[in-house]
Amino acid sequence: MDQYDLMIRGGRVLDPETNFDATADIAVKDGVIAAIGDVAGSAAQIIDAEGLVVSPGFIDLHAHGQSLPADRMQAFDGVTTTLELEVGVLPVARWYDEQAALGRVLNYGASAGWVFARIATMTTQQAASSVAGMGEAMRDKRWVEEVATSAEVAEIVERVQVGLEQGGIGIAFPNAYAPGTGVKELSELCSLAARHGVPTYTHIAYMSNVDPRSSVEAYVRLIGLAGATGAHMHICHFNSTSLQDVERCAELVKTAQAQGLKVTVEAYPYGTGSTVVGAEFFADPAFCQRQGTGYDAIEMVAERRRLADRNELLERQQREPGALVLIHFLDVAVNQRHRDLLDISVMYPGGAIASDAMPWILSNGRAYTGDAWPLPDDAVAHPRSSATFTKFLREWVIDRKAVPLMEGIAKCTLIPAQILEASTPVMRKKGRLQVGCDADIVAFDLQTLRDRADFLNMNRASEGVKHLLVHGEAVITDGMLMREARPGRPVRREQAS
């Protein structure tokens, strides 16, 4: 009789790749799924999953938290793999070494950070590999506003290539934060991505409802880069960058995909975004016209206070460019038209759900990376840092039934794995419940699963996740956090020899 490390008994097992949907057992040995079905044998640990949905752990392509508290909060959102792809990191090897030394709860990984290559090449600043570090580097805006010289382009491309050779899982491409970048540089980087067979993770160049430099123009340019260079262009937060032109942007993406271009999308289920106050697009004198909002749509996260006017924005950009803000771009609470626009991005066929989870900070503005659980009362970020996947499943799948359950699970698991697996083979064993796949597994109660975080209480963990395993090790058991668990492993491309 077989002896397993762990057995999950009697749950409703869902595998989005094979469409398997049945009551079954799952046996785990050495961190890998060893058997599925009516499994005989014994195990050192038994999980009774009767009445629970058992699915692959959710894969987040877009998570800026990358810390112990961020991992724990995302665990209660069903996440087992959390990746920093839009902004990325540099140097890549050092970042992976640091994460391994710290110990991570969830699987982790990062792309090669193009903006950090630009900062290092075009300024004298030493920028931390984080959203806040990128924001602080906006004190010297040459990397933001200027076209690089030919020599600088060569150095930027070389730095990014080293990041890929060190195992970076693609190229981070937040173009909107460096809108002055020349197309020659962009095309060189896209060609580099194509040669290495890796995606670029793109914050489109412009966010605006009006021409010139509209979101539509940015999508046309992105699709043109995919066609001209052969690069896989992955579009981050399809909802927030398309603003109120998401219908037209979705048409453009659909047409590009029908022609065989490598263009993929992700979205999160909120009408409010988050970034740093130093972002160049806030400083545009025509910001209100281009975004369709006033300056009071910008809210300082730590202070929970909205900006009064352009003068206050410019003062904040000068004084604390790395400070986190919320940007309320769609009023989904009261505006049906805005809810419909959000639906287009969240429900886009073949699109992934991804959180854009922000780092946790305290009311004094400092990052929180400590061990307290629950998080400190004054810890804030964005509700998406706590509840993206549970909110999507609760609202779109369970309550509204706008997305079938299997398709909803696929958008959280299989689809993000497939976006990465051609270039990062370890992802072929994630996002699925099949023999031989990694035992990254979530078991949740379909009836009680719900998001609890909102804009007044951002640090409330979601409910309904009863068990969460990472490589077969329990992170959540019977709805309780295993505080000592650190089973997270790196998601990384093979390094160049």
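When all heavy atoms of L330 and L341 are compared, the closest pair comes out as CD2-CD1, 4.3 Å. In terms of heavy atoms, I8 sits closest to L6 at CG1-CD2, 3.7 Å. Nearest heavy atoms, S363 versus D378: OG-OD2, 2.9 Å. Residue I344 comes nearest to A250 through the heavy atom pair CG2-CB, 3.9 Å, listed as atom of the first residue, atom of the second, then distance. Contact record, D77 with S462: OD1-OG, 3.9 Å, taken as the closest heavy-atom pair. Contact record, A453 with S386: CB-CB, 3.7 Å, taken as the closest heavy-atom pair.
Of the N and O atoms on the side chains of H471 and N107, at least one donor lies less than 3.5 Å from an acceptor on the other residue. For the residue pair Y268 and S345, no side-chain donor N or O sits within less than 3.5 Å of a side-chain acceptor on the partner. For the residue pair H196/E165, the side-chain donor-acceptor check at 3.5 Å is not satisfied. A donor atom on one side chain and an acceptor atom on the other are not found under 3.5 Å apart for Q66 and Q99. Under 3.5 Å, the side chains of E463 and T448 contain no donor-acceptor pair of N or O atoms. With 3.5 Å as the limit, one finds no donor-acceptor pair spanning the side chains of D451 and T390. Neither side chain, E84 nor H62, offers a donor N or O lying under 3.5 Å from an acceptor on the other. Defined by atom type and a distance below 3.5 Å, a donor-acceptor pair is present between the side-chain atoms of S355 and D60. Between the side chains of S242 and Y219, a donor-acceptor pair is found at a separation under 3.5 Å.
A donor-acceptor pair under 3.5 Å is absent between the side-chain atoms of N457 and the main chain of R460, judged by distance alone. Between the Y201 side chain and the P174 main chain, no donor and acceptor come within less than 3.5 Å of each other. No donor-acceptor pair under 3.5 Å is formed between the side chain of T413 and the backbone N or O of P56. Not a single donor-acceptor pair under 3.5 Å links the side chain of S67 to the backbone N or O of T369. Put simply, the side chain of R486 gets close to the backbone of R483: a donor and an acceptor are under 3.5 Å apart. Using modelled atom types, one side-chain atom of S274 and one backbone atom of V325 make a donor-acceptor pair closer than 3.5 Å. Remark: side-chain polar atoms of D445 are not paired, donor with acceptor, to backbone N or O of L52 under 3.5 angstrom. At least one donor-acceptor pair closer than 3.5 Å links the side chain of S130 to the backbone N or O of G133. The main-chain N or O of V263 is found under 3.5 Å from a side-chain atom of Q257 such that the two form a donor-acceptor pair. In this structure, the side chain of N335 engages the main chain of R337 through a donor-acceptor pair within 3.5 Å.
Ion pairing between a basic and an acidic side chain is recognised when a charged N comes within 4.0 Å of a carboxylate O; D71 and R104 show such pairing. Using a 4.0 Å cut-off between charged side-chain N and carboxylate O, R72 and D371 make a salt bridge. D440 and K430 are joined by a salt bridge, as a carboxylate oxygen and a charged side-chain nitrogen come within less than 4.0 angstrom of each other. Checked for salt-bridge contact, R9 and E50 miss the test: no charged N lies under 4.0 Å from a carboxylate O. Salt-bridge check for K466 with D478: failed, with every basic side-chain N at 4.0 Å or more from each acidic carboxylate O. Ionic pairing of R432 and E421 is present here: one or more N-O contacts between side-chain nitrogen and carboxylate oxygen are shorter than 4.0 angstrom.
Proximity of S111 to I171: side-chain heavy atoms (C-beta onward) are nowhere separated by under 4.5 Å. The side-chain heavy atoms of M427 and I59, taken from C-beta on, include a pair separated by under 4.5 Å. When side chains are defined from C-beta on, H234 does not count as touching T200, because their heavy atoms never get closer than 4.5 Å. I47 is not listed as a side-chain neighbour of M7, based on a closest heavy-atom distance of 4.5 Å or more. The shortest distance between side-chain heavy atoms of K411 and F392 falls below 4.5 Å. Taking 4.5 Å as the limit, every side-chain heavy atom of V442 sits out of range of all side-chain heavy atoms of F389. Considering only heavy atoms from C-beta on, R304 comes within 4.5 Å of M458 through its side chain. Residues L469 and V475 fail the side-chain proximity criterion, which asks for heavy atoms closer than 4.5 Å.
Taken from CD1 in I235 to CD1 in I223, the straight-line distance is 6.5 Å, to the nearest 0.5 Å. For the atom pair OG1 (T272) and CG (L326), the distance works out to 6.5 Å, reported to the nearest 0.5 Å. Atom CE of M482 is separated from atom NE2 of H467 by 10.0 Å, given to the nearest 0.5 angstrom. Rounding to the nearest 0.5 Å gives a distance of 8.5 Å between CG of L393 and CD1 of I353. Distance check: D356 CG to S240 OG gives 6.5 Å after rounding to the nearest 0.5 Å. Between the CG atom in L68 and the CH2 atom in W360 there is a gap of 13.0 Å [rounded to 0.5 Å].
For an aromatic pair to be called close, the ring centres must be under 6.0 Å apart, and Y270 with H382 satisfies this. Taking the six-membered ring for Trp and the full ring otherwise, the centers of H203 and F173 sit at least 6.0 Å from each other. Not less than 6.0 angstrom separates the ring centroid of Y177 from the ring centroid of W114. Between F455 and H328, the distance separating the two ring centers is shorter than 6.0 angstrom.
The local environment of CZ in R366 is sparse, with at most 12 non-hydrogen atoms from other residues, nucleotides or ligands closer than 6.0 Å. The 12-atom threshold is exceeded at NZ of K29, counting heavy atoms of other residues, nucleotides or ligands nearer than 6.0 Å. In this structure, D340 places its CG atom where more than 12 heavy-atom neighbours from other residues, nucleotides or ligands lie under 6.0 Å away.
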For salt bridge (charged side-chain N to carboxylate O under 4.0 Å, His left out), just list the numbers for E407 and K401, CA-CA rounded to whole Å, side-chain angles, deciding distance to a tenth of an Å, and then say yes or no.
CA-CA 11 Å; E407 181 182 338; K401 296 180 170 53; over 6 Å; no
Could you check R400 against D343 for salt bridge (charged side-chain N to carboxylate O under 4.0 Å, His left out), going step by step and ending with a plain yes or no?
CA-CA 12 Å; R400 291 174 52 197; D343 272 358; 2.7 Å; yes
Checking Y368 against L375 for the side chain to side chain contact (heavy atoms under 4.5 Å, CB included) test, could you report, in this order, the C-alpha distance in whole Å, the side-chain angles of both residues, the deciding distance, and whether it holds?
CA-CA 9 Å; Y368 180 70; L375 297 189; 4.3 Å; yes
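Annotation: salt bridge (Lys or Arg N to Asp or Glu O under 4.0 Å) contacts of R248 (sequence neighbours excluded): E251.
With a 6.0 Å cutoff to the six-membered ring centre and a 45° limit on the axis angle, R492 counts as a cation-pi contact of Y96.
Partner of T18 under the side chain to side chain contact (heavy atoms under 4.5 Å, CB included) criterion, chosen from L14, D15, D21: D15.
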